[in-house]
Trainee: 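The following block contains the structure, expressed as structure tokens.
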Amino acid sequence: MQPSDPFQAVRAELASLRHQVTGVRGCVIAGVDGLLVLHDTVNGPEPHDIAALAAGAHGISRTCGAALNQGTFHEVTIRNQGGYLSVYAVGELALLAVIGDSGLNIARLHLEARPVTGRLASLLRIQTVEPSGYFS
């Protein structure tokens, strides 16, 4: 008898996001320190590299938020010629990074990913900060 995967529900959330939004190539959960926690990627960039990139994007975005007096980090999206990297806060200590191809509907991704971050925080038992006006 094999022990059950303690992260099965978390993995299901990541797989669901990949299947619900056309153009999502993979999802990574990382610590804000850039260390990989979990991933749902098939082909493409190394998950450890995505985790490090997500932490870098988080760091500069957090600094911008502080410098502009705009509050805590919630999300950042980077668009390149061939696709997207979107990084969402999962509580204060983790990040959800989503890699998308050039055909990704970014508005649809935001609609689907924002509620996922709250569920991931709950599943991973990460304390969340109430986002102001985030889901209204």
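Computation of the quantities below employed the complete heavy-atom set of this structure, encompassing side-chain atoms and omitting hydrogens, waters and symmetry-equivalent molecules.
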Trainee: Quick one: are Val10 and Leu124 in side-chain contact, heavy atoms under 4.5 Å?
Mentor: yes
Trainee: So, using side-chain contact (heavy atoms from CB on, under 4.5 Å) as the criterion, who are the partners of Asn105 when residues are at least two apart?
Mentor: Ala107, Arg108
Trainee: Do Leu120 and Val37 belong together in a cluster built from hydrophobic side chains that touch within less than 4.5 Å?
Mentor: yes
Trainee: Could you report the tightest heavy-atom contact between Gly34 and Ala51, atom names first, then the distance?
Mentor: O-CB, 3.4 Å
Trainee: Please round to the nearest 0.5 Å and tell me the distance separating atom CD1 of Ile29 and atom CD1 of Ile50.
Mentor: 12.5 Å
Trainee: Would you check, one step at a time, whether the test side chain to side chain contact (heavy atoms under 4.5 Å, CB included) holds for His74 with Arg114?
Mentor: CA-CA 9 Å; His74 287 284; Arg114 288 172 180 156; over 6 Å; no
Trainee: Over all heavy atoms of both residues, which pair between Asp33 and Ala55 is shortest? Give the atoms and the distance, please.
Mentor: C-CB, 4.1 Å
Trainee: Give every residue pair that meets the salt bridge (charged side-chain N to carboxylate O under 4.0 Å, His left out) criterion with at least one member in residues 58-67, sequence neighbours excluded.
Mentor: none
Trainee: Running the 4.5 Å side-chain criterion over Ile, Leu, Val, Met, Phe, Trp and Tyr, what cluster does Leu35 land in, apart from itself?
Mentor: none
Trainee: Please assess Val32 against Leu95 for the test side chain to side chain contact (heavy atoms under 4.5 Å, CB included), listing each intermediate value before the final yes or no.
Mentor: CA-CA 6 Å; Val32 295; Leu95 304 167; 4.1 Å; yes
Trainee: With heavy-atom distances below 4.5 Å as the criterion, would you say the side chains of Ile99 and Thr41 are in contact?
Mentor: no
Trainee: To check you understand the geometry: which heavy-atom pair defines the closest contact between Leu85 and Ala97, and what is its length?
Mentor: CD1-CB, 4.1 Å
Trainee: Can you list every ring pair (Phe, Tyr, Trp, His ring centres under 6.0 Å) pair that touches residues 37-68, not counting sequence neighbours?
Mentor: His58-Phe73
Trainee: For Leu109, give me all partners under side-chain contact (heavy atoms from CB on, under 4.5 Å), at least two apart in sequence or on another chain.
Mentor: Leu17, Val21, Val24, Ser86, Tyr88, Val98, Leu104, Ile106, Ala113
Trainee: Does atom CD of Gln70 have more than 12 heavy-atom neighbours, drawn from other residues, nucleotides or ligands, at distances under 6.0 Å?
Mentor: yes
Trainee: Check side-chain contact (heavy atoms from CB on, under 4.5 Å) between Arg11 and all other residues, then give those that pass, not counting sequence neighbours.
Mentor: Asp5, Phe7, Leu38
Trainee: Under the side chain to side chain donor-acceptor pair (under 3.5 Å) rule, what pairs show up with a residue in residues 15-30, not counting sequence neighbours?
Mentor: Ser16-Gln20, Arg18-Asp40
Trainee: Listed by chain and number, what are the side-chain contact (heavy atoms from CB on, under 4.5 Å) partners of Ala57, not counting sequence neighbours?
Mentor: Val76, Ile78, Val87
